[in-house]
Amino acid sequence: QVMHSFEANFTKIIFFTIFLVFLFINHSFSDHLTVKVTGFKDASSPIYIWGYDRKFYFDNDSAPLFMVGERDVNYFNQINLKAFPHLIVGLFVFQDIDQNGIFSKDFKGDPLEPYGFSLNPVQGYQEIVFEDIAFDMNKFEKIEINLNN
């Protein structure tokens with residue numbers, strides 16, 4: 001019975017060690033990725049980037065993989081996205097004019113703030129699907145996103 005307890009604890013320690021080693025060895029795919037935002041209205045409002053790795057979450061406008069905010073206009077052209085270990089991601093960017101931390105829409109659901117998507121699709125906001133904005137992080141070093149509205 002004592003030996004069985006030792007084996008169980010030893011197995012747990014081995015699994016935990018392997019898990020930690022995996023975390024340290026697994027390199028982030030986006031250490032090199034920089035986002036440049038153009039077309040913002042004024043320099044006093046922050047820019048937010050929401051990254052989605054799943055079509056379901058993008059379509060439902062919920063649970064982005066990450067949210068990055070930048071308040072300094074000097075960095076709108078070099079927002080670094082680091083430590084996001086996903087290959088395929090789609091970016092949604094908006095300028096928070098009213099500075100409430102959320103993307104504001106009117107009662108019809110039309111955007112009230114400048115927004116844009118990775119790969120700059122040309123369709124209207126309601127027609128954008130995840131496949132239009134998703135890109136392989138290994139193939140890009142710099143993404144330029146133009147804000148609309």
Side-chain angles (χ1 to χ4, degrees), residues 10-149:
F10 185 71
T11 304
K12 289 177 187 176
I13 290 171
I14 292 292
F15 282 126
F16 183 70
T17 305
I18 291 171
F19 176 74
L20 288 178
V21 167
F22 175 73
L23 284 178
F24 288 116
I25 291 176
N26 186 17
H27 299 289
S28 173
F29 296 110
S30 62
D31 281 343
H32 63 280
L33 188 62
T34 302
V35 176
K36 177 181 179 180
V37 179
T38 60
F40 48 88
K41 281 191 176 181
D42 61 49
S44 62
S45 301
I47 297 285
Y48 288 99
I49 299 175
W50 294 350
Y52 291 93
D53 65 336
R54 302 277 189 266
K55 178 178 175 51
F56 173 79
Y57 294 130
F58 177 76
D59 291 344
N60 292 318
D61 194 22
S62 66
L65 173 66
F66 60 85
M67 296 186 290
V68 177
E70 182 56 61
R71 296 190 171 278
D72 189 349
V73 69
N74 296 318
Y75 295 108
F76 288 172
N77 291 331
Q78 54 184 355
I79 300 171
N80 291 319
L81 301 180
K82 293 184 178 181
F84 301 113
H86 288 268
L87 286 174
I88 306 298
V89 69
L91 302 177
F92 169 67
V93 178
F94 70 97
Q95 184 172 23
D96 192 14
I97 300 293
D98 55 11
Q99 299 187 16
N100 63 355
I102 60 171
F103 182 56
S104 300
K105 301 175 187 174
D106 65 9
F107 67 95
K108 295 186 294 184
D110 294 331
L112 296 173
E113 299 174 317
Y115 66 93
F117 299 95
S118 51
L119 305 181
N120 297 308
V122 293
Q123 297 131 331
Y125 176 75
Q126 300 297 330
E127 301 169 6
I128 300 294
V129 294
F130 183 72
E131 289 80 5
D132 294 334
I133 67 168
F135 63 94
D136 187 343
M137 296 174 102
N138 282 336
K139 296 183 180 178
F140 290 88
E141 290 185 15
K142 188 170 200 171
I143 298 289
E144 185 170 334
I145 299 176
N146 300 316
L147 300 181
N148 306 319
N149 194 345

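Position 1 is the first residue of the sequence; numbering continues from there. No hydrogens, no waters, no symmetry mates; every other heavy atom, side chains included, goes into these values. Quantities reported herein were computed from a predicted structural model and do not represent experimental measurements.
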Counting N and O atoms only, with roles assigned by atom type, does the side chain of [X] sit under 3.5 Å from a partner on the main chain of [Y], one being a donor and the other an acceptor?
{"X": "Asp96", "Y": "Gly101", "answer": "yes"}
{"X": "Gln95", "Y": "Ile97", "answer": "no"}
{"X": "Gln99", "Y": "Ser44", "answer": "yes"}

Sequence neighbours excluded, the answer for side-chain contact (heavy atoms from CB on, under 4.5 Å) partners of Asp136 is Leu87, Ile88, Asn138, Lys139
Closest heavy-atom contact between Ile145 and Val35? CD1-CG1, 3.9 Å
Specify the closest pair of heavy atoms between Ala134 and Leu119, including all atoms of both residues, with the distance to one decimal. O-CD1, 3.3 Å
Mind checking what makes side-chain hydrogen bond (donor to acceptor under 3.5 Å, both in side chains) contact with [X], not counting sequence neighbours?
{"X": "Ser118", "answer": "none"}
{"X": "Thr11", "answer": "none"}
{"X": "Asn146", "answer": "Thr38"}
{"X": "Asp98", "answer": "Asn100, Ser104"}

Distance (rounded to the nearest 0.5 Å) between [X] [atom1] and [Y] [atom2]:
{"X": "Asp110", "Y": "Lys105", "atom1": "CG", "atom2": "NZ", "value": "9.5 Å"}
{"X": "Asn120", "Y": "Leu147", "atom1": "CG", "atom2": "CG", "value": "9.0 Å"}
{"X": "Gln78", "Y": "Thr34", "atom1": "CD", "atom2": "OG1", "value": "8.0 Å"}

When Ile133, Val122, Asp59 are each screened for side chain to side chain contact (heavy atoms under 4.5 Å, CB included) with Ile128, the one that passes is Ile133
Set of residues satisfying salt bridge (Lys or Arg N to Asp or Glu O under 4.0 Å) with respect to Lys41, sequence neighbours excluded: none
What residues, two or more places apart in sequence or in another chain, satisfy salt bridge (Lys or Arg N to Asp or Glu O under 4.0 Å) together with Glu131? Lys55
Suppose we screen for ring-ring contact (aromatic ring centres under 6.0 Å, His included). Which residues come up paired with [X], at least two apart in sequence or across chains?
{"X": "Tyr57", "result": "none"}
{"X": "Phe58", "result": "Tyr52"}
{"X": "Phe40", "result": "Phe76"}

Do Lys12 and Phe10 have side chains that approach each other closer than 4.5 Å (heavy atoms only, starting at C-beta)? no
Leu91 vs Trp50 side-chain heavy atoms within contact, under 4.5 Å: no
Can you tell me which residue among Tyr115, Phe94, Phe66, Phe103 is in a ring pair (Phe, Tyr, Trp, His ring centres under 6.0 Å) with Tyr48? Phe94
